[in-house]
**Q** 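Below is a structure I'd like to ask you about.
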Amino acid sequence: MQILKDFGEPRIKVVALPKDTNSAGNIFGGWILSQIDLAGATAAREIAPERVVTISMQEVVFKEPVFIGDVVSCYAKITNVGKTSIKTQIEVTALRLNEGGFRECIHVTSAVATYVSVTKDGRKKPIDDELRRIHGF
């Protein structure tokens, strides 16, 4: 998939299991949202290593279903850094066998999630200037 180079770093790769299905037999959207949140937080912790909390997730549109046995990959990159906030772009793909018996990679969904750097007791913590500089912000 040509656009994978723009997706950021791979953060999560997991096989979708039967326990993750909805009543229609597809993988439950909430499970995918959970993977998106984990991938975005993993990226955000590069610049706020102590702890981050999710404060928002912009519109998530599920473009394709995810099925049992698909290998779901979540890619994430930091797109903006504020005084205490980190915005991330997350892309999700599913690797599956097509009707011809070949593996194909399908772009499932995208999301923008914003996290806030906090201390262990939950107070906002300014992002270190040196970490910001190292990451190009």
Side-chain angles (χ1 to χ4, degrees):
M1 184 175 237
Q2 177 62 24
I3 60 174
L4 284 177
K5 67 180 179 65
D6 299 325
F7 278 10
E9 292 184 39
R11 306 294 177 162
I12 294 176
K13 187 178 224 179
V14 62
V15 176
L17 299 173
K19 68 179 181 64
D20 305 316
T21 57
N22 59 25
S23 59
N26 296 329
I27 300 303
F28 177 57
W31 180 84
I32 297 169
L33 288 172
S34 176
Q35 304 308 311
I36 288 169
D37 193 25
L38 290 169
T42 301
R45 287 194 63 192
E46 289 181 359
I47 204 159
E50 185 172 353
R51 186 171 176 223
V52 296
V53 294
T54 310
I55 60 164
S56 74
M57 195 171 294
Q58 292 182 3
E59 182 179 50
V60 179
V61 177
F62 295 100
K63 302 170 187 172
E64 297 286 340
V66 176
F67 303 116
I68 295 169
D70 284 356
V71 178
V72 176
S73 297
C74 298
Y75 301 82
K77 63 182 175 182
I78 299 170
T79 59
N80 194 25
V81 178
K83 183 177 177 179
T84 60
S85 64
I86 304 115
K87 186 178 279 192
T88 62
Q89 174 72 40
I90 304 104
E91 304 292 342
V92 182
T93 64
L95 186 64
R96 68 173 62 122
L97 288 179
N98 64 20
E99 291 180 12
F102 297 98
R103 294 178 76 92
E104 64 181 342
C105 186
I106 297 157
H107 188 208
V108 175
T109 190
S110 302
V112 174
T114 303
Y115 302 86
V116 169
S117 171
V118 295
T119 61
K120 290 183 182 185
D121 61 354
R123 294 184 187 172
K124 287 184 179 182
K125 179 180 179 182
I127 295 166
D128 182 75
D129 288 335
E130 182 64 13
L131 282 175
R132 184 189 313 264
R133 185 192 65 72
I134 289 169
H135 288 275
F137 296 98

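All residue numbers in this chain count up from 1 along the given sequence.
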**Q** Decide yes or no for C74 and T42: does some side-chain heavy atom of the first lie under 4.5 Å from some side-chain heavy atom of the second?
**A**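 Side chain of C74 against side chain of T42, heavy atoms only: no contact under 4.5 Å found.
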**Q** Determine, stepwise, if the pair S117 / E50 fulfils side chain to side chain contact (heavy atoms under 4.5 Å, CB included).
**A** CA-CA 8 Å; S117 171; E50 185 172 353; over 6 Å; no
**Q** Which atoms form the tightest heavy-atom contact between V72 and A16, and what is the distance?
**A** CG2-CB, 4.4 Å
**Q** So which residues get pulled into V15's cluster when ILVMFWY side chains under 4.5 Å apart are joined, directly or through others?
**A** L17, V71, L95
**Q** Is there a path from I36 to L38 through hydrophobic residues (I, L, V, M, F, W, Y) whose side chains come within less than 4.5 Å of each other?
**A** yes
**Q** Rounded to the nearest 0.5 Å, how far apart are CZ of F67 and CG of N26?
**A**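 Rounded to the nearest 0.5 Å, the CZ-CG separation comes out at 5.5 Å.
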**Q** Quick one: do S85 and K124 satisfy side chain to side chain contact (heavy atoms under 4.5 Å, CB included)? Show the steps, please.
**A** CA-CA 9 Å; S85 64; K124 287 184 179 182; over 6 Å; no
**Q** Side-chain heavy atoms nearer than 4.5 Å, only ILVMFWY residues, links allowed to pass through others: does that put I134 and I127 together?
**A** no
**Q** Any side-chain to backbone donor/acceptor pair from R11 onto K77? Under 3.5 Å, distance only.
**A** no
**Q** Counting heavy atoms not belonging to F137, are there more than 12 under 6.0 Å from its CZ?
**A**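 Enclosed.
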**Q** Using the rule that two of Ile, Leu, Val, Met, Phe, Trp, Tyr join whenever any of their side-chain heavy atoms come within less than 4.5 Å, decide whether V60 and Y75 are in one cluster.
**A**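 No, it is not one cluster - the side chains of V60 and Y75 are not joined through contacts under 4.5 Å.
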**Q** Looking at A39 and I90, what are the two nearest heavy atoms and their distance?
**A** CB-CG2, 4.3 Å
**Q** Applying the 4.5 Å side-chain criterion to the ILVMFWY set and letting contacts propagate, would I27 and L33 be lumped into a single cluster?
**A**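 Yes.
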**Q** Is it the case that over 12 heavy atoms from other parts of the model lie below 6.0 angstrom from the CD atom of E130?
**A**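 Counting neighbours around CD of E130, more than 12 heavy atoms of other residues, nucleotides or ligands fall under 6.0 Å, so yes.
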**Q** For the backbone of T93 and the side chain of S73, can you confirm whether one donor and one acceptor N or O come within less than 3.5 Å of each other?
**A** no
**Q** Please check if V81 and Y115 belong to a single hydrophobic cluster, counting links between Ile, Leu, Val, Met, Phe, Trp and Tyr side chain heavy atoms closer than 4.5 Å.
**A** yes
**Q** Measuring from D37:CG to I32:CD1, what's the distance to the nearest 0.5 Å?
**A** 14.0 Å
**Q** On a heavy-atom basis, which atom in T84 and which in K125 lie closest, and how many Å separate them?
**A** CG2-O, 3.7 Å
**Q** Of all heavy-atom pairs between P65 and R96, which one has the smallest distance, and what is that distance?
**A**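 For P65 versus R96, the nearest heavy atoms are O-NH2, 2.7 Å.
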**Q** Of the non-hydrogen atoms in K120 and R51, which two are nearest, and what is the gap between them?
**A** O-NH1, 3.3 Å
**Q** So, taking the atom named CG in D70 and the one named CD in E104, what distance separates them when rounded to the nearest 0.5 Å?
**A** 9.5 Å
**Q** What distance do I78 atom CD1 and Q89 atom CD have between them, rounded to the nearest 0.5 Å?
**A** 12.5 Å
**Q** List the steps and the verdict of side chain to side chain contact (heavy atoms under 4.5 Å, CB included) for F62 and T109.
**A** CA-CA 5 Å; F62 295 100; T109 190; 4.3 Å; yes
**Q** Looking at S110 and K63, what are the two nearest heavy atoms and their distance?
**A**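 Closest approach of S110 to K63, heavy atoms only: OG-NZ, 3.5 Å.
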**Q** Mind running side chain to side chain contact (heavy atoms under 4.5 Å, CB included) on V14 and Q35 for me, showing each step along the way?
**A** CA-CA 9 Å; V14 62; Q35 304 308 311; 4.0 Å; yes
